[in-house]
Amino acid sequence: MSRFLGELEVGPQGLGCMGMSEFYGAGDESESIAVIHRALELGVTLLDTADMYGPYVNEELVGRAIADHRSSVVLATKFGIVRDGDSRSIRGDRDYVRSSVEGSLKRLGTDVIDLYYLHRVPEDTPIEETVGAMAELVTEGKVRFLGLSEAGASTLRRAHAVHPITALQSEWSLWSRDIEAEIVPTARELGIGLVPYSPLGRGVLTGRFTSSADFSSDDYRAVAQPRFSGANLDTNLKMVSELRALAADRGVTAGQLALAWVQHRGADVVPIPGTKRIKYLEENVAAAALELSADDLAAIEAAVPASAVAGERYPDMSAVGR
């Protein structure tokens with residue numbers, strides 16, 4: 001059941017580790033490490049983190065979790081988003097690339113990163129400079145493959161001309177389909193694999209949320225994301241109820257149906273749903289085996305039409321698709 005991101009072989013589904021440390025309420029390190037170990041037992045090989053998660057502490061957590069399992073892991077991390085208190089900036093200059101990888105290698109407790117992503121494309125540094133510096137890391141044996149996150153089609157072409165890009169990580173789910181028009185075809189033309197993050201709509205497509213009261217006061221979704229506030233959330237939750245009805249007819253959860261839809265986007269697609277609970281991890285992994293017919297896919301898309309989703313993905317979309 002392996003899939004390929006370019007020439008990189010991985011399982012059909014990865015694990016996003018971000019929420020284990022930040023953004024989605026409190027986490028528990030011992031439970032998160034148990035989730036990672038269970039994921040490896042279930043054949044999940046691709047683990048995804050980033051230096052800005054925490055910041056830094058998520059890489060450290062993943063490093064501790066895989067210390068005795070490194071050979072079973074395809075380890076992916078990202079750099080480029082600089083956090084200074086509540087402010088953020090994006091860097092991609094050569095010096096920053098080199099200092100970032102050294103920090104990530106140390107925190108992850110490894111001598112090589114399997115897939116190293118530029119987290120966002122900076123405005124003030126040519127992509128050729130950034131990818132050129134990343135390519136040097138491949139030559140030096142510190143990184144095996146290169147990726148970009150939330151890059152636009154033209155940036156993909158320019159980057160790929162400098163060094164082969166193995167994977168593009170972008171938000172892609174039933175309610176986030178903006179990459180389908182131009183970015184996905186460009187990636188496929190270039191042989192770049194696709195890694196959808198938030199394939200469950202940041203958890204909403206699981207059907208586990210019924211109102212704003214279900215989010216904790218420190219949950220990034222309710223605090224800062226337009227889709228999770230006021231009338232937007234009410235509109236979006238109504239669509240999820242339709243998805244839940246479809247799932248009940250199939251004897252699966254709404255989240256499994258939504259995730260199976262993403263898995264059916266193509267053999268070059270490896271979603272990375274995130275979770276802090278073994279129960280939900282096991283549900284997610286089971287979704288990779290669900291078979292959906294053309295009629296099933298059409299019914300799912302009719303239940304959650306992308307054009308009806310209320311609110312943007314981020315308060316500021318300027319760094320997305322650059």
Legend entry - Heavy-atom donor-acceptor pair, Ser21 side chain to Gly54 backbone, under 3.5 Å: no
Legend entry - Approximate separation, where rounding is to 0.5 Å, of Leu148 CG and Ile165 CD1: 4.5 Å
Inset, instruction - Answer yes or no: is there a donor N or O on one side and an acceptor on the other, between the side chain of Asp48 and the main chain of Thr77, under 3.5 Å? - result: no
Legend entry - Working for side-chain contact (heavy atoms from CB on, under 4.5 Å), residues Tyr197 and Arg202: CA-CA 9 Å; Tyr197 73 84; Arg202 300 185 184 274; 3.7 Å; yes
Legend entry - Partners passing side-chain contact (heavy atoms from CB on, under 4.5 Å) against Pro305 (at least two apart in sequence or in another chain): Met239, Ser307, Ala308
Inset, instruction - Provide the closest heavy-atom pair for Val262 versus Pro271 in the form atom of the first, atom of the second, distance. - result: CG1-CB, 3.9 Å
Inset, instruction - Please check if the side chain of Arg227 supplies one atom and the backbone of Asn232 the other of a donor-acceptor pair under 3.5 Å. - result: no
Legend entry - Single-linkage hydrophobic cluster, 4.5 Å side-chain cutoff, Ile90 and Met18 together: no
Legend entry - Backbone N/O of Thr253 and side chain of Gln256: donor-acceptor pair under 3.5 Å: yes
Legend entry - Heavy-atom donor-acceptor pair, Arg83 side chain to Met52 backbone, under 3.5 Å: yes
Inset, instruction - Could you give me the CA-CA distance, side-chain angles and deciding distance for Val195 and Tyr117, then say whether side-chain contact (heavy atoms from CB on, under 4.5 Å) is met? - result: CA-CA 11 Å; Val195 180; Tyr117 290 99; 3.4 Å; yes
Legend entry - Donor-acceptor contact present, side-chain His160 to main-chain Leu156, <3.5 Å: no
Legend entry - Charged N-O contact under 4.0 Å between Glu29 and Arg64: yes
Legend entry - Shared hydrophobic cluster for Val82 and Leu118 (ILVMFWY, side-chain gaps under 4.5 Å): yes
Legend entry - Which atom of Glu242 lies closest to which atom of Ala303, heavy atoms considered: CB-CB, 3.9 Å
Legend entry - Distance-minimising heavy-atom pair for Ala254 and Ala247: N-CB, 3.5 Å
Inset, instruction - Measure from the side-chain N and O atoms of Ser198 to the backbone N and O of Glu171, and report whether any donor-acceptor pair falls under 3.5 Å. - result: no
Legend entry - Counterpart residues, side-chain contact (heavy atoms from CB on, under 4.5 Å), relative to Glu136 (two or more places apart): Arg94, Arg98, Glu140
Inset, instruction - For the pair Tyr116 and Phe79, evaluate ring-ring contact (aromatic ring centres under 6.0 Å, His included) and give the outcome as yes or no after the intermediate values. - result: CA-CA 8 Å; Tyr116 199 43; Phe79 78 97; 4.9 Å; yes
Inset, instruction - Measure across Ala153 and Thr186 and return the closest heavy-atom pair with its distance rounded to 0.1 Å. - result: CB-OG1, 3.5 Å
Inset, instruction - Output all residues satisfying side-chain contact (heavy atoms from CB on, under 4.5 Å) with Asp93, sequence neighbours left out; order by chain, then residue number. - result: Arg91, Asp95, Tyr96, Thr125, Glu129
Inset, instruction - Dump the intermediate steps for side-chain contact (heavy atoms from CB on, under 4.5 Å) on Leu75 and Val62, then the final yes or no. - result: CA-CA 9 Å; Leu75 184 59; Val62 171; 3.9 Å; yes
Inset, instruction - Would you indicate whether the side-chain heavy atoms of Leu61 and Cys17 approach each other to under 4.5 Å? - result: no
Inset, instruction - Any chance you could measure Leu8, atom CG, to Leu146, atom CG, to the nearest 0.5 Å? - result: 11.0 Å
Inset, instruction - Can you measure from CD1 (Ile127) to CZ (Arg157) and round to the nearest 0.5 angstrom? - result: 15.0 Å
Legend entry - Closest non-hydrogen atom pair between Val10 and Val74, with its separation: CG1-CG1, 3.9 Å
Inset, instruction - Give a yes or no on this: more than 12 heavy atoms of other residues, nucleotides or ligands lie within 6.0 Å of atom CD of Glu7. - result: no
Legend entry - Hphob cluster co-occupancy, Val304 + Leu259, side-chain heavy atoms under 4.5 angstrom: no
Legend entry - Non-hydrogen atoms of Asp84 and Ser87 that approach each other most closely: O-OG, 2.8 Å
Legend entry - Distance (rounded to the nearest 0.5 Å) between Leu5 CG and Leu194 CG: 8.0 Å
Legend entry - Other cluster members, Val57 - Ile/Leu/Val/Met/Phe/Trp/Tyr, side-chain contacts below 4.5 Å: none
Report all side-chain donor-acceptor pairs from residues 281-288 shorter than 3.5 Å, counting only partners two or more places apart or in another chain.
{"residue": "Glu282", "atom": "OE2", "partner": "Arg38", "partner atom": "NE", "Å": "2.9"}
{"residue": "Glu282", "atom": "OE2", "partner": "Arg38", "partner atom": "NH2", "Å": "3.3"}
{"residue": "Asn284", "atom": "ND2", "partner": "Tyr280", "partner atom": "O", "Å": "3.3"}

Legend entry - Common cluster, Leu42/Leu200, ILVMFWY with side-chain heavy-atom separation under 4.5 Å: no
Inset, instruction - Run the salt-bridge test on Glu150 and Arg322 with the 4.0 Å N-O cut-off and return the result as yes or no. - result: no
Legend entry - Distance, nearest 0.5 Å, that separates OG of Ser100 from CG of Asp51: 5.5 Å
Legend entry - Side chain to side chain, Val204 and Val240, heavy atoms closer than 4.5 Å: yes
Inset, instruction - Answer yes or no: does atom CG of Asp249 have more than 12 heavy-atom neighbours from other residues, nucleotides or ligands under 6.0 Å? - result: yes
Inset, instruction - Output yes when a side-chain donor or acceptor of Thr130 lies under 3.5 Å from a complementary backbone atom of Gly92, and no otherwise. - result: yes
Inset, instruction - Could you tell me whether a side-chain N or O of Lys142 sits under 3.5 Å from a main-chain N or O of Val101, the two making a donor and an acceptor? - result: no
Legend entry - Distance (rounded to the nearest 0.5 Å) between Glu291 CD and His264 NE2: 5.0 Å
Inset, instruction - Run the numbers on Arg3 and Asp268 for side-chain contact (heavy atoms from CB on, under 4.5 Å), then give the verdict. - result: CA-CA 6 Å; Arg3 294 192 175 192; Asp268 56 353; over 6 Å; no
Inset, instruction - Mind telling me whether His37 and His69 have parallel, tilted or perpendicular rings, with 30° and 60° as the class edges? - result: tilted
Inset, instruction - Would you check, one step at a time, whether the test side-chain hydrogen bond (donor to acceptor under 3.5 Å, both in side chains) holds for Ser104 with Glu59? - result: CA-CA 7 Å; Ser104 289; Glu59 285 186 326; 2.8 Å; yes
Inset, instruction - Could you check if a side-chain atom of Leu105 sits within less than 4.5 angstrom of a side-chain atom of Ile113, using non-hydrogen atoms only? - result: yes
Legend entry - Any donor-acceptor pair under 3.5 Å from His163 side chain to Met134 backbone: no
Inset, instruction - Not counting sequence neighbours, which residues clear side-chain contact (heavy atoms from CB on, under 4.5 Å) with Ser173? List them please. - result: Trp175, Ser176, Leu205
Legend entry - Carboxylate-amine/guanidinium proximity below 4.0 Å for Asp28 and Lys276: no
Inset, instruction - Verify the cluster assignment for Phe145 and Phe4: are they in a single hydrophobic cluster under the rule of side-chain heavy atoms below 4.5 Å apart? - result: no
